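What you see is a predicted model; the values in this text were computed from it and never measured. Convention: sequence-line order gives letters A, B, ...; per-chain numbering from 1.
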There are 2 protein chains.
Amino acid sequence: MKLQRHDAPDDDAPKQAIPHYKVIKRSISDAVKKGDLKAGDRIPSESELVAQFNVSRMTANRALRELQAAGIIVRHAGKGSFIAEPAPIGQLIEIRNIADEVRERGHVWRARVVGNDEERADAETAALLQVALGTRLFHSVIVHYEDDMPIQLEERFVLASIAPDYGQCDFTQTTPNEYLTRIAPLERVEHRVSAMMPDERTRALLALAEGEPALRMTRRTWSRGRLVSHAWLTHPGNRFELSAAFAIDDHC
Amino acid sequence: MKLQRHDAPDDDAPKQAIPHYKVIKRSISDAVKKGDLKAGDRIPSESELVAQFNVSRMTANRALRELQAAGIIVRHAGKGSFIAEPAPIGQLIEIRNIADEVRERGHVWRARVVGNDEERADAETAALLQVALGTRLFHSVIVHYEDDMPIQLEERFVLASIAPDYGQCDFTQTTPNEYLTRIAPLERVEHRVSAMMPDERTRALLALAEGEPALRMTRRTWSRGRLVSHAWLTHPGNRFELSAAFAIDDHC
DNA sequence: CAGTGGTCTAGACCACCAG
DNA sequence: TGGTGGTCTAGACCACTGT
């Protein structure tokens with residue numbers, strides 16, 4: 001057995017070691033991030049971790065309990081511990097897929113790809129993505145329909161270096177959001193919402209009546225420490241609402 | 001000493017007792033909710049809880065550690081454990097005070113109370129608050145200014161039974177939001193955001209140009225199991241944005 | 001110095017679940 | 001029945017804070 005910070009000075013302990021429970025948490029969390037463990041996969045039981053990491057069961061238990069609290073895993077007495085479904089993240093007004101949302105309402109989602117081209121950053125787009133002029137990027141324009149009614153115009157700029165295949169994606173099958181979260185771990189998201197009068201092109205693509213305002217969400221996402229995507233999501237003001245609800249949890 | 005579910009059948013244990021760590025958590029959490037403990041107050045140390053609740057130190061430790069994770073308390077080795085500052089709640093697009101927001105931007109907040117009257121629910125307002133016709137409620141209309149520029153028209157309906165003094169409040173000093181969260185514990189919040197063309201009255205109160213759209217947030221709040229407040233927060237589209245940013249935390 | 005939280009151990013009993 | 005998680009104990013060493 002190994003008494004922490006008490007045993008003979010035989011091992012390579014760097015004095016201020018990382019706590020054992022954190023080592024276990026990281027090892028599992030990292031395996032999820034690297035893709036070695038996917039949703040539904042089984043992870044070692046407490047007693048297996050006891051053997052693997054040479055810790056007491058309470059320490060293994062703490063690691064798994066905290067991973068569960070964080071929503072990384074789910075546990076069931078008598079069955080085991082498993083990687084959880086990816087978090088809805090939904091702290092706020094939908095980071096979710098518009099396709100999923102439409103389907104949840106029991107309707108049919110459809111997308112029309114107006115354009116998806118590789119470009120070089122000009123003055124405007126370089127500023128949006130905070131990159132140098134001439135940086136390679138993709139520029140996609142997609143209209144999303146709910147039962148043949150246009151509900152979102154998505155105009156997006158994506159760093160080509162982080163998503164080299166973006167130009168080849170079939171965005172009538174999967175959304176850019178879906179694709180990006182799959183290939184690049186989402187680190188940070190920023191949303192800004194404003195009301196605006198649509199320009200002529202937007203009006204046409206969204207089949208908006210004259211004088212009808214639009215709701216625009218500007219969404220920026222960061223991955224691997226860099227701003228990788230800038231999107232304008234424009235919705236018809238007369239048939240779209242963003243919504244969010246929160247129950248205050250007292251944690252007891 | 002007391003070995004859990006192991007000692008002599010002397011006590012009144014109802015077979016499926018609440019875990020000890022939860023009992024401790026609740027006792028502290030409840031004291032906060034009742035106001036017996038306020039932000040900054042010291043709470044018993046682990047060893048004091050060991051004595052008070054007749055548990056082992058690991059159990060007291062777990063209770064306090066989870067309260068800390070939940071943001072209820074803050075702990076410092078060598079000093080003690082203290083009630084935390086009230087959570088910003090800010091999971092989403094500002095549940096915060098518009099007054100605080102304006103001040104954080106370094107500007108001056110000012111409010112003009114256009115009206116604050118007690119009414120009986122008519123067909124429309126009864127539906128908004130999901131109450132019977134004739135229910136007593138307050139109806140306030142307030143314009144919020146940032147440096148003398150109107151940035152929000154707040155039209156709010158509040159259940160009179162839950163906030164009997166609402167009509168006497170001076171909303172040039174404190175916001176209705178502030179008042180309500182003080183007198184009624186917030187249980188649930190719902191936000192809906194949409195773009196709209198303001199009507200004449202709104203245009204005038206917000207000093208909006210013709211053809212300028214507005215961003216409207218509809219906010220409903222629940223307390224003690226009931227819908228207690230319905231508010232329309234209308235912002236000029238050309239000089240207001242809602243925003244939110246999230247860093248994804250990997251919890252390790 | 002005594003008190004605090006941070007971490008850990010090597011046991012233990014229990015309820016649950018599958019074969 | 002054996003494995004799983006859920007909970008608990010009675011110790012322990014450590015680093016940190018204040019007096």
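The side chain of Ser56(A) contributes no N or O atom lying less than 4.0 Å from OP1 or OP2 of dG11(C). A close approach under 4.0 Å does not occur between any side-chain nitrogen or oxygen of Thr59(A) and OP1 or OP2 of dT7(C). Distances shown here put every side-chain N or O of Ser47(B) at or beyond 4.0 Å from the OP1 or OP2 atom of dG3(C). The phosphate of dG3(D) has neither OP1 nor OP2 within less than 4.0 Å of any side-chain N or O from Ser45(A).
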Problem - Watson-Crick and G-U pairing of DNA chain D, under 3.5 Å, as dot-bracket with | and [ ] - result: ||||||||||||||||.|.
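Protein atom CG of Leu49(B) is 13 Å distant from nucleotide atom P of dG6(C), rounded to whole Å. Put simply, CD1 on Ile73(B) is 13 Å from C1' on dG6(C), counting in whole angstrom units. Atom CD in Glu46(B) sits roughly 12 Å away from atom C1' in dG3(C) (whole-Å rounding). To the nearest angstrom, P of dA12(D) lies 18 Å from CE of Met58(A). Here the P atom of nucleotide dC16(C) and the CZ atom of Arg75(A) are 16 Å apart, to the nearest Å. We find that CZ of Phe53(A) is positioned 17 Å from P of dT7(C), with the value rounded to whole Å. The NE2 atom of His20(B) sits 13 Å away from the C1' atom of dG6(D) (whole-angstrom rounding). In this structure, Arg57(A) places its CZ atom 15 Å from P of dT9(D), rounding to the nearest Å.
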Show me the donor-acceptor pairs, under 3.5 Å and distance only, between side chains in residues 156-165 of chain A and residues at least two apart or in other chains.
unit_1: Arg156(A); atom_1: NE; unit_2: Glu154(A); atom_2: OE2; d: 2.8
unit_1: Arg156(A); atom_1: NH1; unit_2: Ser229(A); atom_2: OG; d: 2.8
unit_1: Arg156(A); atom_1: NH2; unit_2: Glu154(A); atom_2: OE2; d: 3.2
unit_1: Ser161(A); atom_1: OG; unit_2: Arg226(A); atom_2: NH2; d: 3.3

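Among residue pairs with one or both ends in residues 67-78 of chain B, those qualifying as salt bridge (charged side-chain N to carboxylate O under 4.0 Å, His left out) are Glu46(B)-Arg75(B); sequence neighbours excluded.
At distances below 3.5 Å, at least one donor-acceptor pair connects side-chain atoms of Asp41(B) with backbone N or O atoms of Lys38(B).
Looking at residues two or more places apart in sequence or on another chain, you find no salt bridge (Lys or Arg N to Asp or Glu O under 4.0 Å) involving Glu187(B). Not counting sequence neighbours, the partners of Trp109(A) by the side chain to side chain donor-acceptor pair (under 3.5 Å) test are His144(A). The salt bridge (Lys or Arg N to Asp or Glu O under 4.0 Å) check on Arg110(B) picks up Asp148(B), with sequence neighbours excluded. For the side chain to side chain donor-acceptor pair (under 3.5 Å) test, no residue two or more places apart in sequence or in another chain qualifies with Arg42(A). The side chain to side chain donor-acceptor pair (under 3.5 Å) search around Arg192(A) returns Glu190(A), Glu241(B), not counting sequence neighbours.
Judged by distance alone, with hydrogens and angles left aside, Arg62(B) brings no side-chain donor or acceptor close enough to the base of dG6(D) to form a pair under 3.5 Å.
For the pair Tyr21(B) and Gly80(A), nearest-nucleotide mapping onto DNA chain D gives the more 5' position to Gly80(A).
Among dC8(C), dT4(D), dT9(D), the nucleotide with an atom closest to any side-chain atom of Val55(B) is dT9(D). When the nucleotides dG5(C), dC8(C), dT4(C) are ranked by their closest atom to the side chain of Ser81(B), dG5(C) comes out on top.
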Protein-nucleotides 17-19 of chain C N/O pairs under 3.5 Å:
none

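For the 3.5 Å distance criterion, the side chains of Thr175(B) and Asn177(B) fail to qualify, holding no donor opposite an acceptor. At a cut-off of 3.5 Å, with distance as the only test, no side-chain donor of Asn61(B) or Arg57(B) sits close to an acceptor on the other residue.
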